[in-house]
A.B. asks: 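One structure, pasted below without further comment.
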Amino acid sequence: MTKRLYYEDAYCQEFDARVADCREGKQGWEVVLDQTAFYPEGGGQPADQGRLAEAAVLDVKEGGEEIVHICDRPLVPGSKVHGTLDWNRRFRFMQQHSGEHIFSGIVHGLFGYDNIGFHMGKDCVTVDFSGLLSEEEIALVERKANEAVLSDLEILTDYPSGEELERLEYRSKKELEGQVRIITVPGSDVCACCGTHVKRTGEIGPIKAVSSEHYKSGIRISLQIGWKALEDYEEKHRNIREISALLSVPPQETAGAVRRLQEQLQELKAANVALRQKQLDRMVEEVPKGTQRAVRFEEDLNPVEVRMLADRLAQKAVFAAVFSGNDEEGYKYVMCSSQLDVAALGKSFNEALNGRGGGRNPMVQGSVKAEKEKIEEFLLT
């Protein structure tokens, strides 16, 4: 049985222990100690990392009454080792876990929704709730959560008796057996939890809801908490300053400046479409009615324009083909005819010039990596 030092003192960063067992496993050497400050993965909180003597602790797992440390090298059973946690990593998880409790507790208190999923990811904390929340409601929860942080309240840990537990109103994600550990944030949350937490809410730092999405019948909210929230703010602040400089407007006016750019872009797109349409009109006008074969090569027609031009040329010519591209990179093509078997012609064309594509009469399309001269030779002679 492993003594769990992280429950006695979540701030324990270093400790000494005796190696009770060491065996080779699939992911590394599985080391069991008589006591440990390494928290195993559980309850949405990732496992701790760090070192045991010269061995790197890669992962930590529950093994019944034992805590199993997955290490990159073996340790001698019976020997004494010094353990050191990656404290920066652990403290961030403590901030995030305590912050999530406050946010989820407030959601439950205000709206009655349950926390049905919780994950501390690389980029953010995600929390799934059993009901939907509006943007305004999420903002309200966020403000109340930060008020709890700024109040610097003591976070309480208790192990109530079975009788006391029956009288206690608390949150829990699953059916519990044995001794239940209750984490209380006064005024915000009372929840059964096996994770590690900070001593006071003031250590959590800012809590920010950065995004939300529908999830199953409820909502998934992504949170930035503590140091992660500050780093997220710093990154976004750098980006907004760069955007501000590029747009030559103060940071607080960037959204309006981007909207104006979008409007200008839409106007330019509309003007460009009109110009391209006139260009296609001129190309069609240049072809006399009754022409046998009309073959056009253009550098920069998009797929829609290629099909449109080929179709319009086919109304004036027995056979029409439009190619967009160049000899170096190849061509996209469309061939049309209401009188000829272009399906058969397209097949022969691809076989002769290593093209790809197909279709049914009266239109085929594809691509070909061949020189313009070779294409014209095949189609016009």
Side-chain angles (χ1 to χ4, degrees), residues 1-98 100-101 118-122 154-162 165 172-174 176-184 191-200 203 226-227:
M1 181 175 178
T2 307
K3 184 178 182 181
R4 304 173 188 232
L5 299 175
Y6 48 82
Y7 282 153
E8 296 182 2
D9 180 10
Y11 289 75
C12 177
Q13 303 177 38
E14 299 186 30
F15 64 98
D16 294 307
R18 183 180 60 82
V19 179
D21 190 21
C22 181
R23 53 190 178 260
E24 189 172 5
K26 293 181 180 180
Q27 297 175 311
W29 293 90
E30 299 179 352
V31 177
V32 178
L33 306 175
D34 64 342
Q35 61 178 10
T36 185
F38 282 88
Y39 179 79
E41 180 180 8
Q45 179 174 333
D48 287 333
Q49 295 177 358
R51 303 197 73 82
L52 288 174
E54 298 302 316
V57 178
L58 309 174
D59 197 5
V60 189
K61 298 180 181 296
E62 291 268 7
E65 294 187 344
E66 297 178 337
I67 301 297
V68 180
H69 307 75
I70 310 301
C71 299
D72 66 347
R73 65 191 68 187
L75 296 174
V76 179
S79 64
K80 286 191 174 182
V81 293
H82 186 70
T84 306
L85 272 65
D86 180 342
W87 179 245
N88 179 59
R89 184 173 186 272
R90 156 69 90 76
F91 185 72
R92 285 169 176 246
F93 288 150
M94 290 165 62
Q95 285 183 315
Q96 292 168 36
H97 205 159
S98 299
E100 177 272 324
H101 268 240
F118 163 52
H119 177 67
M120 293 186 198
K122 178 182 177 183
E154 182 181 3
I155 296 179
L156 308 172
T157 302
D158 192 22
Y159 294 88
S161 66
L165 201 61
S172 178
K173 300 186 188 73
K174 59 183 180 180
L176 302 174
E177 297 180 359
Q179 181 66 68
V180 176
R181 180 170 178 259
I182 297 294
I183 301 296
T184 300
C191 184
C193 179
C194 62
T196 58
H197 293 272
V198 296
K199 293 178 180 177
R200 305 188 68 87
E203 296 178 81
W227 283 112

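Since we're looking at a predicted model, the values are computed, not measured. Excluded from the calculations below are hydrogen atoms, water molecules and symmetry mates; all remaining heavy atoms, backbone and side chain alike, are included.
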A.B. asks: Got a second to check how far T2's OG1 is from E62's CD, nearest 0.5 Å?
C.D. replies: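 T2 atom OG1 to E62 atom CD measures 9.0 Å (nearest 0.5 Å).
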A.B. asks: Has E41 got a side-chain atom pairing as donor or acceptor with D59's backbone, closer than 3.5 angstrom?
C.D. replies: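 Judged by distance alone, no pair lies under 3.5 Å.
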A.B. asks: Assess whether a salt bridge exists between K3 and E8, defined as any Lys/Arg side-chain N lying under 4.0 Å from an Asp/Glu carboxylate O.
C.D. replies: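 Here K3 pairs with E8 in a salt bridge, since their nearest N and O are under 4.0 Å apart.
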A.B. asks: Can I get a per-line list of side-chain donor-acceptor pairs under 3.5 Å for residues 43-51, giving both atom names and the distance, sequence neighbours left out?
C.D. replies:
residue: Q45; atom: OE1; partner: H97; partner atom: ND1; Å: 2.7
residue: Q45; atom: OE1; partner: T196; partner atom: N; Å: 3.3
residue: Q45; atom: NE2; partner: T196; partner atom: OG1; Å: 2.8
residue: D48; atom: OD1; partner: R90; partner atom: NE; Å: 3.1
residue: D48; atom: OD2; partner: Y39; partner atom: N; Å: 2.7
residue: D48; atom: OD2; partner: R90; partner atom: NE; Å: 3.0
residue: D48; atom: OD2; partner: R90; partner atom: NH2; Å: 2.8
residue: R51; atom: NH2; partner: E54; partner atom: O; Å: 2.5

A.B. asks: Rounded to the nearest 0.5 Å, what separation is found between the CD1 atom of I67 and the CZ atom of R4?
C.D. replies: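 Those atoms lie 3.5 Å apart.
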A.B. asks: Does any N or O in the side chain of Y6 come within less than 3.5 Å of the main-chain N or O of P40, such that one atom is a donor and the other an acceptor?
C.D. replies: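 Such a contact is absent between Y6 side chain and P40 backbone.
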A.B. asks: Determine, stepwise, if the pair T184 / D158 fulfils side-chain contact (heavy atoms from CB on, under 4.5 Å).
C.D. replies: CA-CA 8 Å; T184 300; D158 192 22; 6.0 Å; no
A.B. asks: With respect to L33, which candidate in H69, R18, E66 satisfies the side-chain contact (heavy atoms from CB on, under 4.5 Å) definition?
C.D. replies: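 The passing option is H69.
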A.B. asks: Any side-chain to backbone donor/acceptor pair from Q179 onto G162? Under 3.5 Å, distance only.
C.D. replies: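 No, Q179 side chain to G162 backbone: no donor-acceptor pair under 3.5 Å.
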A.B. asks: Is there a side-chain contact (heavy atoms from CB on, under 4.5 Å) between I155 and V198 once you walk through the steps?
C.D. replies: CA-CA 7 Å; I155 296 179; V198 296; 3.8 Å; yes
A.B. asks: With sequence neighbours left out, what residues match H82 under side chain to side chain contact (heavy atoms under 4.5 Å, CB included)?
C.D. replies: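 H82 satisfies side chain to side chain contact (heavy atoms under 4.5 Å, CB included) with E14, D16, T84 only.
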A.B. asks: On the 0 to 90° scale, with breaks at 30° and 60°, tag the Y11-W87 ring pair as parallel, tilted or perpendicular.
C.D. replies: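 Y11 vs W87 ring planes: tilted.
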A.B. asks: When rounded to the nearest 0.5 angstrom, what distance separates NE2 in H197 from CD in E203?
C.D. replies: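 The distance works out to 13.0 Å.
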A.B. asks: Can you tell me how far the CG atom of L75 sits from the CG atom of D21, to the nearest 0.5 Å?
C.D. replies: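 Between L75 CG and D21 CG, I get 11.0 Å after rounding to 0.5 Å.
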A.B. asks: Identify the heavy atoms of V31 and C22 that sit nearest to each other, and give their distance.
C.D. replies: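 Closest approach of V31 to C22, heavy atoms only: CG2-SG, 4.0 Å.
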A.B. asks: Please evaluate residues I182 and V180 with respect to the criterion side-chain contact (heavy atoms from CB on, under 4.5 Å), reporting the C-alpha separation (whole Å), side-chain torsions for both, the decisive distance (0.1 Å), and the verdict.
C.D. replies: CA-CA 6 Å; I182 297 294; V180 176; 3.8 Å; yes
A.B. asks: Measure the spacing between CG of L5 and OG1 of T36 and express it to the nearest 0.5 Å.
C.D. replies: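 Rounded to the nearest 0.5 Å, the CG-OG1 separation comes to 6.5 Å.
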A.B. asks: So, taking the atom named CG in D86 and the one named CZ in F38, what distance separates them when rounded to the nearest 0.5 Å?
C.D. replies: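 Result: 9.0 Å between the selected atoms.
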A.B. asks: If you look at every heavy atom in G83 and L52, which pair is closest and at what distance?
C.D. replies: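 Looks like CA-CD2, 3.7 Å.
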